[in-house]
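All values derive from a computational prediction rather than experimental measurement. Here is how names work: the chains are called A, B, and so on, in the same order as the sequence lines, proteins then strands, and each is numbered from 1.
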Protein chains: 2
Amino acid sequence: MTAPAPEFTPRQNEVLASALRLVVEGGEKALTTAAVARAANCSKESLYRWFGDRDGLLAAIVAHQASKVRVPHENDDQLSASAFRERLVTFAEDLLTVLAGDTSLALNRLAIGQASREGSPLGRLLLERGRLRIATRARVLLEAGAAQGHIAAVDATEAYRTLYGLIVRDAHGRWLLGQEPEGAEADFAARANLSVDQFLTLFPPDAQNTGRPAG
Amino acid sequence: MTAPAPEFTPRQNEVLASALRLVVEGGEKALTTAAVARAANCSKESLYRWFGDRDGLLAAIVAHQASKVRVPHENDDQLSASAFRERLVTFAEDLLTVLAGDTSLALNRLAIGQASREGSPLGRLLLERGRLRIATRARVLLEAGAAQGHIAAVDATEAYRTLYGLIVRDAHGRWLLGQEPEGAEADFAARANLSVDQFLTLFPPDAQNTGRPAG
DNA sequence: TCGCCGCCGAACCGTACCGTACGGTACCAC
DNA sequence: GTGGTACCGTACGGTACGGTTCGGCGGCGA
């Protein structure tokens with residue numbers, strides 16, 4: 001692999017952080033080049049020299065935030081069944097916390113709002129640098145669990161998507177539309193526990209199938 | 001209830017259909033008042049007289065489309081287990097078909113892109129007139145199934161959300177970001193069958209719990 | 001000390017779009 | 001015929017924003 005990817009200078013990262021704050025607070029409409037320059041105490045000239053374009057600035061914001069996504073590169077071998085389950089619960093809770101966060105919601109709204117354009121580079125960026133990383137983290141965990149006989153996952157991707165559905169359900173969609181997490185839905189720990197229980201019910205260690213009852 | 005809700009005159013519905021086509025094809029950016037007037041062969045003056053405002057036009061588009069959502073008001077009593085299961089599969093396939101459709105994606109993108117504003121009236125509109133209706137349709141079905149002992153659903157809303165998660169998983173989010181359904185994911189019938197199987201596994205008729213294994 | 005470079009702040013330009021105003025037309029009531 | 005209403009098409013004002021240009025300033029090497 002290459003060096004730890006400077007990608008942007010410290011000053012540029014500073015500007016991108018300011019821009020991110022703007023878009024988190026006011027949505028895309030608030031992200032004018034003049035506003036970014038004012039908030040970051042820099043000139044529009046520098047913005048255009050560094051990022052080339054408004055779209056380039058948007059892409060840089062997404063890339064900047066994605067670069068902060070760190071996968072806890074932990075050792076998944078030699079896990080007991082209970083430790084494996086605990087890892088799944090932690091993943092579930094982390095996932096809900098991230099998806100409900102202001103930053104994630106703002107960037108997803110930004111990319112989705114622009115996804116009508118052909119190509120939709122922002123959406124692709126978010127998929128590849130955000131969701132894909134999270135999915136990969138979960139998949140290696142699931143594959144390790146399957147290798148050690150804790151679950152019967154024939155296809156890690158399929159299993160991951162089921163896990164995701166049980167954890168998130170329709171909550172992300174509602175949050176994206178402006179609904180706030182309320183009541184029991186805000187208890188991410190409880191939700192994480194329940195969804196992992198359901199997942200382990202669907203993929204029991206001894207079964208050969210993928211949750212489909214025999215018959 | 002009131003009369004079948006004229007809500008808009010035929011001419012206005014015609015204009016709204018044109019506007020909907022515009023937003024489906026080109027996203028929100030393509031939906032300028034001038035473009036709507038040109039596409040619908042009407043004057044901007046009429047647009048503003050009828051809908052008051054550009055935001056009013058957006059809301060009218062959503063309301064117009066939502067009014068076309070028809071819940072098949074069918075009789076859910078006296079269903080055999082297999083007929084109940086068939087109803088669930090039909091619901092699942094309908095849900096996937098709707099969510100993957102151009103119109104649904106365009107309107108969801110529109111509302112999500114505007115959801116940063118406080119209040120987010122479009123998001124609320126979509127939640128109340130779109131998702132809530134679909135959820136209600138599923139809930140009455142699930143309650144009927146529970147009453148007849150086909151599933152063990154203590155809370156219809158909880159059960160519905162689990163069903164939704166098993167059906168949709170992370171597909172809707174990926175579609176919203178511009179990814180196309182491809183491969184096995186495009187086979188909605190197969191997906192519907194699998195997810196209903198999983199749902200029935202989690203909510204078996206004889207069990208008393210909500211999918212959590214005893215212990 | 002001098003010139004070069006990167007950057008800031010501000011002014012500027014062209015354009016796109018919202019909202020309104022106005023002239024012209026078809027239709028209806030009387 | 002006459003007035004009224006609803007509508008179309010277009011032109012216009014005002015504004016906001018993306019992108020460019022310019023003057024000035026501090027730092028830095030020679």
- OP1, OP2 of dA16(D) versus side-chain N and O of Thr32(A): anything below 4.0 Å? no

- Note on the structure: Atom CG of Asn41(B) and atom P of dT25(C) are separated, to the nearest Å, by 18 Å

- Task: Would you please say whether a donor-acceptor pair under 3.5 Å links the side chains of Glu45(B) and Trp50(B)?
- Result: no

- Task: Output yes when at least one side-chain N/O atom of Thr33(A) is less than 4.0 Å from OP1 or OP2 of dC17(D), else no.
- Result: no

- Task: Assign each of Gly52(B) and Ala40(A) to its nearest nucleotide of DNA chain C by heavy atoms, then name whichever residue's nucleotide is nearer the 5' end.
- Result: Ala40(A)

- Send over the distance from Arg54(A) CZ to dA16(D) P, rounded to a whole Å. 16 Å

- Message: Does dC7(D) have its OP1 or OP2 closer than 4.0 Å to a side-chain nitrogen or oxygen of Arg49(B)?
- Response: yes

- Query: Taking atom types as they are modelled, is there a donor-acceptor pair under 3.5 Å from the base of dC8(C) to the side chain of Glu45(A)?
  - Reply: yes

- Query: Any chance the side chains of Thr9(B) and Asn13(B) put a donor and an acceptor closer than 3.5 Å?
  - Reply: no

- Task: Among the candidates dT20(D), dC8(D), dT20(C), find the nucleotide nearest to the side-chain atoms of Tyr48(B).
- Result: dT20(C)

- Message: Could you tell me how far apart Gln12(B) (CD) and dA6(D) (P) are, to the nearest whole angstrom?
- Response: 12 Å

- Ala115(A) and Gly178(B) have their tightest heavy-atom pair at CB-N, 4.2 Å

- Any side-chain heavy-atom pair of Leu200(B) and Arg85(B) under 4.5 Å: yes

- Atom-pair distance (CZ on Arg38(B); P on dT10(D)), nearest Å: 10 Å

- Test side chain to side chain contact (heavy atoms under 4.5 Å, CB included), reference Leu31(B), set Val36(B), Val24(B), Leu20(B), output is Val36(B)

- To the nearest angstrom, the CG-P distance between Leu57(A) and dG19(D) comes to 10 Å

- Item | Phe51(B) CZ to dT20(C) P, straight-line distance once rounded to whole Å | 15 Å

- Hey, does the side chain of Trp50(B) come within less than 4.0 Å of dC7(D)'s phosphate (OP1/OP2), counting only N and O? yes

- What integer distance in Å separates Lys29(B):NZ from dC17(C):P? 6 Å

- Task: Answer with yes or no whether Lys44(B) presents, from its side chain, a donor or acceptor under 3.5 Å of a partner atom in the base of dG19(C).
- Result: yes

- Query: Within this structure, what is the CZ-to-C1' distance between Arg11(B) and dC27(C), rounded to whole angstrom?
  - Reply: 16 Å

